[in-house]
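Reading through the structure tokens given below for one structure.
Here is the naming used below: chain letters follow the sequence lines, and residue numbers restart at 1 for every chain. All figures in this text were calculated on a predicted structure; none of them were measured in a lab.
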Protein chains: 2
Amino acid sequence: MKSDGTVDIQDKATGRARGIDRVIALMNHLHQRRVPTRIADIARETGTPRSTMYELVNTLVEARWLELRDADGTVYFGPAMHYFGSDYLDSVDLIRKARVEVAHLAETVGETAQFCTLEGDKYLVVLNEPGRRMFRISSEIGIKVPIPWTASGRLLVDHMAPDEILRFIPADDFTLPDGRRIVEDEFLRDIDQARGQGFVRTTGLVDRFTTCLAAPVRDPAGRCIATICFVVPADTDEDAQQTMIDTLKASAERLSLAR
Amino acid sequence: MKSDGTVDIQDKATGRARGIDRVIALMNHLHQRRVPTRIADIARETGTPRSTMYELVNTLVEARWLELRDADGTVYFGPAMHYFGSDYLDSVDLIRKARVEVAHLAETVGETAQFCTLEGDKYLVVLNEPGRRMFRISSEIGIKVPIPWTASGRLLVDHMAPDEILRFIPADDFTLPDGRRIVEDEFLRDIDQARGQGFVRTTGLVDRFTTCLAAPVRDPAGRCIATICFVVPADTDEDAQQTMIDTLKASAERLSLAR
DNA sequence: GACCGACGTCCGATATTTCGGACAAACGGT
DNA sequence: ACCGTTTGTCCGAAATATCGGACGTCGGTC
């Protein structure tokens with residue numbers, strides 16, 4: 001049905017599909033757009049017949065899976081998704097514990113804190129707590145990002161051999177959004193260094209003026225199964241960064257044991 | 001199709017239903033059970049044919065809406081629900097701001113903080129931050145509760161006239177889970193007093209040893225559209241409670257203006 | 001004021017999905 | 001080792017949900 005790697009785009013085939021498949025496409029579309037969208041647009045962009053989409057949206061609005069917004073005819077996710085999502089967070093032990101750590105980090109340090117994992121061959125933000133700064137609102141929860149673009153990515157693959165890593169990560173993923181290319185050898189060296197230091201720092205990767213600090217959460221076998229990290233302005237002074245790194249390592253350590 | 005009040009149970013009728021309706025019933029069922037459940041059980045309890053349920057669950061697991069747990073054959077919500085739910089939270093202005101307040105309250109005071117609203121004629125916890133105590137893990141996010149059972153409920157209806165309130169709240173909702181009955185006149189007096197004081201305190205309502213402190217978030221017209229509250233042990237000393245009340249009122253005030 | 005495009009609803013036909021039941025495998029109690 | 005129960009898969013039939021297209025509105029543009 002779908003290649004398991006990335007999110008399925010859609011199926012072409014006959015043109016007729018089950019309602020549930022159309023709904024899945026609809027929700028994925030909203031998640032990728034990340035903005036309330038008009039029904040007709042969703043229909044066009046997901047390849048769903050207009051009449052079908054109207055029908056489905058009505059059903060979902062009744063169930064509060066979706067919400068009509070603004071009276072401008074757009075729809076977006078509704079409260080039911082939040083309820084189901086909270087149930088999920090509560091049901092996964094490591095995530096439940098990570099929430100406490102991330103919230104505490106963001107509150108005490110005042111910078112954006114995140115909890116991240118791998119999904120397939122992509123990096124993924126699972127938890128995001130904005131911290132005290134007003135800008136950088138974009139929480140990219142649930143959005144997949146190439147591994148080499150991130151600090152955490154350098155930790156999350158550190159159990160693999162170098163050639164294994166290069167086979168695992170799609171070649172295109174070494175190209176940054178602005179077109180620059182990450183040299184593979186440097187990437188491997190970063191990983192090696194990180195393993196020794198117990199943390200990673202990257203600056204100006206996805207965003208020129210942003211530094212990421214990340215520490216590994218490891219399972220009993222020592223494999224990095226997640227990371228906690230801070231996202232801070234690149235000009236944050238070195239002493240402050242060192243303190244944050246220590247704080248991160250302590251949190252990561254607690255989560256590693258808690259496992 | 002459904003009575004809008006509470007969550008729809010299911011439809012009887014012909015026995016044949018759309019996949020999407022079965023999926024909605026499935027998700028609601030999981031949300032109410034709040035525990036990973038075996039597929040056959042879900043099928044029986046939602047009145048869905050077994051073969052249909054297996055088919056749908058497979059589809060949903062592929063989409064990561066659901067997750068197979070433990071290898072014991074149970075399913076529960078998957079990560080996709082968390083992603084969609086986060087998108088919802090980010091998209092609603094008041095909730096986004098409330099998250100900051102609730103997180104801050106829980107972190108600094110160390111007690112469980114919540115953000116609550118009305119949905120239909122029921123009270124609903126929208127945000128829940130557990131605080132530092134270990135017990136009382138149950139976050140009841142998205143679970144509907146009768147208005148008279150809660151402190152916040154006494155604020156959320158304070159824009160109505162007494163007889164209006166009694167018509168609005170179903171008569172059965174005055175009966176507590178342990179069978180005791182809340183006297184309607186006392187309830188109305190609580191509401192009146194709360195309006196004057198700008199907060200509510202209740203003790204031993206749903207739970208004998210728990211006290212709730214709540215403050216109102218009001219829209220520009222002065223109507224209470226939500227509340228923030230603390231859930232604390234009943235034996236918390238009075239000075240500490242007074243401090244919490246002041247803190248709550250300040251947070252609630254900020255949210256009222258932010259609107 | 002007439003035209004054009006987008007929105008939302010409605011309807012009938014048919015391609016498809018749901019459903020029931022049958023089956024093999026796994027489980028568990030005696 | 002036996003047998004009753006539960007799990008998960010598969011299949012063909014038929015009820016029906018999806019789809020395409022037509023229709024009435026609304027709003028903006030020339």
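Residues A:Leu30 and A:Ile42 have side chains in contact (heavy-atom distance under 4.5 Å, counting atoms from C-beta outward). Taking the side chain as every heavy atom from C-beta outward, A:Thr150 and A:Leu205 never approach each other to under 4.5 Å.
Between A:Arg44 atom CZ and C:dA6 atom P there is a gap of 8 Å when expressed in whole angstrom units. For the pair B:Asp72 CG and D:dT7 P, the computed distance is 11 Å after rounding to whole Å. Following rounding to the nearest Å, A:Arg22 (CZ) and D:dG20 (C1') show an atom-to-atom distance of 13 Å. Protein atom CG of A:Asp41 is 10 Å distant from nucleotide atom C1' of C:dA6, rounded to whole Å. When rounded to the nearest whole Å, the span between CD of B:Glu55 and C1' of D:dT9 equals 11 Å. Atom CD1 of A:Ile42 and atom P of C:dG8 are 11 Å apart (whole Å). One interatomic measurement links the two molecules: CD1 of A:Ile20 to P of C:dT16, which rounds to 18 Å at whole-angstrom precision. Going from atom CD1 of B:Ile24 over to atom P of D:dA17 covers 13 Å, rounded to whole Å.
Residue whose closest nucleotide on DNA chain C sits further toward the 5' end, between A:Gly19 and A:Ile39: A:Ile39. Ranked by how close their nearest DNA chain C nucleotide is to the 5' end, A:Asn58 and B:Leu56 are led by A:Asn58.
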Legend entry - Verdict with supporting geometry, B:Asp158 and B:Arg218, salt bridge (Lys or Arg N to Asp or Glu O under 4.0 Å): CA-CA 11 Å; B:Asp158 76 356; B:Arg218 299 190 183 279; 2.8 Å; yes
Legend entry - Check against salt bridge (Lys or Arg N to Asp or Glu O under 4.0 Å), A:Arg34 and B:Asp90: CA-CA 10 Å; A:Arg34 299 182 95 65; B:Asp90 283 344; 5.1 Å; no
Taking N or O atoms only and anything under 3.5 Å, show me the protein contacts with nucleotides 23-28 of chain C, one pair per line.
none

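Of the candidates D:dC19, C:dC19, D:dT7, C:dC19 carries the atom nearest the B:Pro49 side chain, counting heavy atoms from C-beta on.
Note that CD of B:Glu119 and CG of B:Asp121 are 10.5 Å apart. Values are rounded to the nearest 0.5 Å.
Partners of A:Arg180 by salt bridge (charged side-chain N to carboxylate O under 4.0 Å, His left out), not counting sequence neighbours, listed by chain and number: A:Asp178. Under the ring-ring contact (aromatic ring centres under 6.0 Å, His included) criterion, A:Phe77 pairs with B:Phe84, not counting sequence neighbours.
Residue B:Arg18 places no side-chain atom within donor-acceptor reach of the base of C:dT17, judged by atom type and a 3.5 Å distance cut-off alone. For a distance-only test at 3.5 Å, the side chain of B:Arg16 qualifies as a donor-acceptor partner of the base of C:dT18.
At least one side-chain nitrogen or oxygen of B:Thr52 sits closer than 4.0 Å to the OP1 or OP2 atom of C:dC19. Phosphate contact (OP1/OP2 of D:dG8, side-chain N/O of B:Tyr54, threshold under 4.0 Å): present. An OP1 or OP2 oxygen of D:dG8 is reached within less than 4.0 angstrom by no side-chain nitrogen or oxygen of B:Arg38.
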